[in-house]
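What follows is a short report on a single structure.
Here, residue 1 is the first one in the sequence, and each next residue gets the next number.
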Amino acid sequence: MAPRLQLEKDAWRWAEMVKPEDITHEHIELAYRIAVLACKRGTCRRNCKGNPNCLVGIGEQSWLGEIDENAFHNIDDPNSERRDKNTFVGLTNLGATCYVNTFLQVWFHNLELRRALYRFQNSRAEGHNTDSDYEPRTICEHLQYLFGLLQNSNRRYIDPSGLVKALGLDTGQQQDAQEFSKLFLSLLEDTLSKQKDPNLQNVIQQQFCGQFSYVTVCNQCGRESPLPSRFYELELNIQGHKNLTECVTEFLKEEKLEGDNRYYCESCQSKQNATRRIKLQSLPRTLNFQLMRFVFDRQSSHKKKLNTFISFPEVLDMGPFLEGKEEECTYELSAVLIHRGVSAYSGHYIAHVRDAHTNDWYKFNDEEIEKMEGKKLQLGIEEDIAETAKSQTRKPKCSKGYHCSRNAYMLVYKRQTEEIDQTETIVEVPAFLQKLVDQDNKKFEEWCNEMADMRKQSVDKGKAKHEEVKELYELLPTEDGLSYEFVPLEWLKKWLDDSTAIKEIDNSQFLHVLLLEI
């Protein structure tokens, strides 16, 4: 169409020759450019301000093109929240609770612990009326219910806020993951020890508790003084080491007690030079190695993270380290807990866990769960590259059957058994607990149906609007000789978008402009 200035000039050329009292309807139509031909679609990049019959750029692209149902609503597909078949359930990160989620997933995959928790006597759950929501109170009640949901929930991920609140954790502040593990297992052991079932009383000790002794030998008389101690994980220094074997060897190495640090010998009745070492006496079914990545830095007076690469085997023989070798000292790697980030005070925690039933490896990252290919542990490039180029070092090559990581802070090994009974890998949710899980699944299905109905209503409304606009657009602009009304462009755009949310048409501004022009 003609340039805007040309249209402006043509519209008001008569005003120089016609007196006000001689203005006719034809003059007004010239001024308002009523007779200017309508612009054709595709000829204008945007709406022409100089042509009232230009109907380009008023939102017609979304109404005259192909229908996109997603444009008619802002409701996500509720099925995206549904658990896929043969997958595990994730856990919601409540702010800074990823470290909690990693431990919960590791403990859930400890089948003996899960089976024991299902036997935990819970009279409140057993007598619960499904007409109301079940609200656990104690730590064991929360963990029992959480494990039931992790096993049989229809949801893709569940909210652990009940347990986190019961533990009194600050969801906005990342706690010390290793300290949390110790305190939680201690709390769980104390609670289960009060149960009548002896299998429940000792399940934490059987699964996680080993024993060693601090043995001090007097250099003068040779007297040995053992000091027995229990452990739930072995805390290993990684500084200056390359592999797990070196770390364990240093943990058990002999220490000299000399000078101001001499040992008081009961036999000699005086302080004597002595040696002290740790002797491993018994190992638990689940052996936890805490790799001490977070250490105190004297120069800065703060904790720092050690990004040292440590290699560790898939199969670990603890026989050489054990005093009085047990029948079976071979362990298989079952979980690796990872801290991503270069700071000891921030970062993100994830867990790689082996499914005891299928031996497949999975990566648990809060709500997201990824199955590894080929039944192999794949730590992934995102876990083993530091976030700053300054601290990057080349990853050492790992031998077959070994893995290497600069961010692994906890290794979990399970004792190997000669014959694996497949029935031992199947843990059934008890009926009373399944009833509660079914109740939650019912709520989830009702929510899915509600969201689907809302989504369908919005789509149906949008399609009807789409047809209405298409019919109206075909009637625009008005034909010669027919009556017409002026409609503000912004009003028309809003009407096309939502006809129920606009105000009445106000054309007073057009009349005012006409009077000023005249």
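- Residues Arg119 and Gln195 have side chains that never bring a donor and an acceptor to within less than 3.5 angstrom of each other.
- In this structure, the ring of Tyr349 has its center no less than 6.0 angstrom from the ring center of Phe103.
- Ion pair Asp355/Lys371 not flagged as a salt bridge, since none of the NZ, NE, NH1 or NH2 atoms sits closer than 4.0 Å to an Asp/Glu carboxylate oxygen.
- Between the Arg124 side chain and the Glu141 main chain, no donor and acceptor come within less than 3.5 Å of each other.
- Taking 4.0 Å as the cut-off between side-chain N and carboxylate O, Arg156 and Asp84 do not count as a salt-bridged pair.
- Between Leu306 and Phe294 there is no side-chain heavy-atom pair separated by less than 4.5 Å.
- Ion pairing of Arg82 with Glu445 is present here, as a side-chain N (NZ or NE/NH1/NH2) and a carboxylate O approach within less than 4.0 Å.
- For the residue pair Gln175 and Asp170, no side-chain donor N or O sits within less than 3.5 Å of a side-chain acceptor on the partner.
- Around the NZ atom of Lys182, the shell of radius 6.0 Å holds more than 12 heavy atoms that belong to other residues, nucleotides or ligands.
- Contact annotation: the side chain of Arg114 approaches that of Gln151 to within less than 4.5 Å [non-hydrogen atoms, C-beta and beyond].
- The closest side-chain donor-acceptor pair between Gln105 and Asn101, if any, does not fall under 3.5 angstrom.
- For Asn365 and Glu370, the side-chain atoms include no donor-acceptor pair closer than 3.5 Å.
- Looking at Arg276 and Thr216, their side chains do bring a donor and an acceptor atom within 3.5 Å of each other.
- For the residue pair Tyr232/Gln207, the side-chain donor-acceptor check at 3.5 Å is not satisfied.
- Around CD of Glu250, the count of heavy atoms belonging to other residues, nucleotides or ligands within 6.0 Å exceeds 12.
- Residue-environment remark: NZ (Lys303) exceeds the threshold of 12 foreign heavy atoms within 6.0 Å.
- Side-chain contact, Ser225 with Tyr263: a donor N or O sits under 3.5 Å from an acceptor N or O.
- You'll find the side chain of Val412 stays beyond 4.5 Å of the side chain of Val336, heavy atoms only.
- Looking at Arg155 and Asp159, no side-chain N of the basic residue comes within less than 4.0 Å of a carboxylate O on the acidic one, giving no salt bridge.
- Between the side chain of His241 and the backbone N or O of Thr245, no donor-acceptor pair lies under 3.5 Å.
- Below 30°, between 30° and 60°, or above 60°: for Trp107 and Phe184 the angle between ring planes is below 30°, a parallel geometry.
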